[in-house]
Amino acid sequence: MRLRLRAFTWLLDHLGRGEVATLTPKQLAARRTPVPASGLTGLFVGRAERGVRTTAGTVAGDGGVRLPVTFYRPDGAAGPGVDATGRRPLLVYLHGGGWVGGSAAGYAWLCTGIAAATGAVVASVEYRMAPEHLFPTAALDCYAAVADLVADADRLGVDPARVAVSGDSAGGNLSAVVALLARDAGGPAIAGQALIYPATDATLSSPSIRRLADAPVLDLDDIHGFLGLYLGHDLGPDGAGGASDRTDPRLSPLLAASHAGLPPALVQTAEHDPLVDDGRRYADALAAAGVPVRYTRYEGVPHGFVSFAGVVGAPAFQARAEISAFLTEIFTP
């Protein structure tokens, strides 16, 4: 990694992070504090694109609860992605944070950039998180939210035949799970899935999990902690515990009985990330099942690199451009 990025990740690892499994409710709440993409913060996380309107709303989660959602809509009635009836494509974005943290606000630079490049309406969903809401709440919330947004397509001015899902890390996991659930439930139709360093195997069988156990930003202790909080029990120092939960495809989409019939996928991973093999193995599984898939490994960057675009620079913007190009292709009739 470049020196600047190495220094930045050192600060992330040493200034108040603490072991995930031992975080207090106050510390967990801090991980959910919105990060504005403006001022000095914008220098680190990346600035929101101009020409994209941001509005807040709600969407149905599992059991009919209402979840906050942030909409990013390109200005104007014309432009890329708009069909003959004036409708735009829809991208549902699911943020990362280990199923316990994160927020839509931290991804404004990514979501507004994708909206501007593709012409899509981007809906960033605030699903319920652990430890207050255990597995599979987040997965079921995200699926219900996608279904509700598609059902509301006319009011939103989006095309229900051009819907995609995307997310990073835990959000990449949830995006893959939503695609599986939609296939198995017969809808809504998902045109594509853009998965950014997704967690796909909660049994932690990927070789990189241990090869990169001491990686910056996300290490093996963090992974154990996040899974333990999401599942509601301590995995132990060796990751043991909760085996039946951890093989559930709603947590480990790689372990689904079949990947046939899933939507085309873009899978992005990072070189210095314990989850790099999770993404590669999932891309391989999709390809083996006949699903069109593009796999890209970004060199010299750690897990989470799209979340600090101002520090990472070119790789983060390249990843955003690749996502936008992928979506433009699947959204084009």
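Not a single donor-acceptor pair under 3.5 Å links the side chain of R88 to the backbone N or O of V82. Side chain of D168 to backbone of G96: a donor-acceptor contact under 3.5 angstrom is found. A donor-acceptor contact shorter than 3.5 Å is absent between the side chain of R87 and the backbone of L156. At least one donor-acceptor pair closer than 3.5 Å links the side chain of R246 to the backbone N or O of A202. Checking side-chain atoms of Q193 against main-chain N and O of P264 turns up no donor-acceptor pair under 3.5 Å. Remark: the backbone N or O of A189 is not paired with any side-chain donor or acceptor of R183 at under 3.5 angstrom.
Residues that satisfy the ring pair (Phe, Tyr, Trp, His ring centres under 6.0 Å) test with F331, not counting sequence neighbours, are absent from this structure. Scanning for side-chain hydrogen bond (donor to acceptor under 3.5 Å, both in side chains) contacts around E49 gives R320, with sequence neighbours left out. The side-chain hydrogen bond (donor to acceptor under 3.5 Å, both in side chains) check on D148 picks up nothing, with sequence neighbours excluded. Annotation: salt bridge (charged side-chain N to carboxylate O under 4.0 Å, His left out) contacts of D184 (sequence neighbours excluded): none. Scanning for side-chain hydrogen bond (donor to acceptor under 3.5 Å, both in side chains) contacts around R155 gives D152, with sequence neighbours left out. Y230 pairs by the ring pair (Phe, Tyr, Trp, His ring centres under 6.0 Å) definition with W99, F135, not counting sequence neighbours. Not counting sequence neighbours, the partners of T269 by the side-chain hydrogen bond (donor to acceptor under 3.5 Å, both in side chains) test are Y295. Under the salt bridge (charged side-chain N to carboxylate O under 4.0 Å, His left out) criterion, R162 pairs with D83, D159, not counting sequence neighbours.
Within the 4.5 Å cutoff, the side chain of D219 has no heavy atoms near those of the L212 side chain. At least one side-chain heavy atom of R250 sits under 4.5 Å from a side-chain heavy atom of L181. A 4.5 Å side-chain heavy-atom check between L262 and L180 finds at least one atom pair inside the cut-off. Side-chain atoms of T328 and P80, non-hydrogen and from C-beta on, never get closer than 4.5 Å to each other. With contacts defined as side-chain heavy-atom distances shorter than 4.5 Å, the pair V217/F305 does not qualify. By the 4.5 Å heavy-atom criterion applied to side chains, R280 and V276 are not counted as neighbours. Two residues are said to be in side-chain contact when any heavy atoms from C-beta on lie closer than 4.5 Å; L220 and D214 fail this criterion. For the pair T137 and M129, the minimum side-chain heavy-atom distance is 4.5 Å or more.
Listed here is the closest heavy atom pair of T203 and S252: N-OG, 4.2 Å. The shortest heavy-atom contact between T247 and L255 is CA-CD1, 3.8 Å. Here the shortest heavy-atom pairing between T118 and L327 reads CG2-CB, 4.1 Å. Annotation for A182 and P188: closest pair CB-O, 3.3 Å, computed over non-hydrogen atoms. Of all heavy-atom pairs spanning P198 and Q268, the tightest one is CD-O, 3.9 Å. Listed here is the closest heavy atom pair of A260 and A289: N-CB, 3.6 Å.
When hydrophobic clusters are built by joining Ile, Leu, Val, Met, Phe, Trp and Tyr residues whose side-chain heavy atoms come closer than 4.5 Å, directly or via intermediates, L91 is grouped together with V52. Residues I323 and Y282 fall into different hydrophobic clusters, defined by Ile, Leu, Val, Met, Phe, Trp and Tyr side chains chained together at heavy-atom separations under 4.5 Å. Both V178 and V158 sit in one connected hydrophobic cluster of ILVMFWY residues. Membership requires side-chain heavy atoms under 4.5 Å apart, directly or through other members. Hydrophobic cluster membership is shared by L90 and L174, with clusters built from Ile, Leu, Val, Met, Phe, Trp and Tyr side chains linked at under 4.5 angstrom. Residues V267 and F326 fall into different hydrophobic clusters, defined by Ile, Leu, Val, Met, Phe, Trp and Tyr side chains chained together at heavy-atom separations under 4.5 Å.
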Donor-acceptor pairs under 3.5 Å, side chain of residues 59-72 to any protein atom, not counting sequence neighbours: which ones?
unit_1: R66; atom_1: NE; unit_2: T58; atom_2: OG1; d: 3.3
unit_1: R66; atom_1: NH2; unit_2: T58; atom_2: O; d: 3.2
unit_1: R66; atom_1: NH2; unit_2: T58; atom_2: OG1; d: 3.2

All N/O donor-acceptor pairs, side-chain side in residues 297-304, below 3.5 Å, sequence neighbours left out:
unit_1: R297; atom_1: NE; unit_2: E299; atom_2: OE2; d: 2.7
unit_1: R297; atom_1: NH2; unit_2: E299; atom_2: OE1; d: 3.0
unit_1: R297; atom_1: NH2; unit_2: E299; atom_2: OE2; d: 3.1
unit_1: Y298; atom_1: OH; unit_2: E322; atom_2: OE1; d: 2.7
unit_1: H303; atom_1: ND1; unit_2: D273; atom_2: OD1; d: 3.2
unit_1: H303; atom_1: ND1; unit_2: D273; atom_2: OD2; d: 2.8
unit_1: H303; atom_1: NE2; unit_2: S169; atom_2: OG; d: 2.8

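A side-chain N or O of S206 and one of D278 form a donor-acceptor pair less than 3.5 Å apart.
Within a 6.0 Å radius of CD in E329, no more than 12 heavy atoms belonging to other residues, nucleotides or ligands are found.
R128 contributes atom CZ, which lies 9.0 Å from atom CG of L140 (distance to the nearest 0.5 angstrom). A distance of 9.0 Å separates CG of L195 from OG1 of T200, quoted to the nearest 0.5 Å. The CD1 atom of I114 sits 5.0 Å away from atom OG of S324, with the distance rounded to the nearest 0.5 Å. Expressed to the nearest 0.5 Å, how far OG1 of T296 lies from CG of L266 amounts to 6.0 Å.
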Worked check of side chain to side chain contact (heavy atoms under 4.5 Å, CB included) between R210 and L204: CA-CA 9 Å; R210 283 167 176 78; L204 307 183; 4.1 Å; yes
Assess the residue pair F317 and W109 against the criterion (ring pair (Phe, Tyr, Trp, His ring centres under 6.0 Å)); give the C-alpha distance rounded to whole Å, side-chain angles, the decisive distance to 0.1 Å, and a yes or no. CA-CA 10 Å; F317 286 90; W109 89 274; 4.9 Å; yes
If you apply the rule side chain to side chain contact (heavy atoms under 4.5 Å, CB included), what do you find for I196 with L110, and how did you get there? CA-CA 12 Å; I196 309 169; L110 180 62; 4.2 Å; yes
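Annotation: ring-ring contact (aromatic ring centres under 6.0 Å, His included) contacts involving residues 75-96, sequence neighbours excluded, comprise Y93-Y107, H95-Y127. The ring-ring contact (aromatic ring centres under 6.0 Å, His included) contacts involving residues 141-196 comprise nothing, where partners must be two or more places apart or lie in separate chains.
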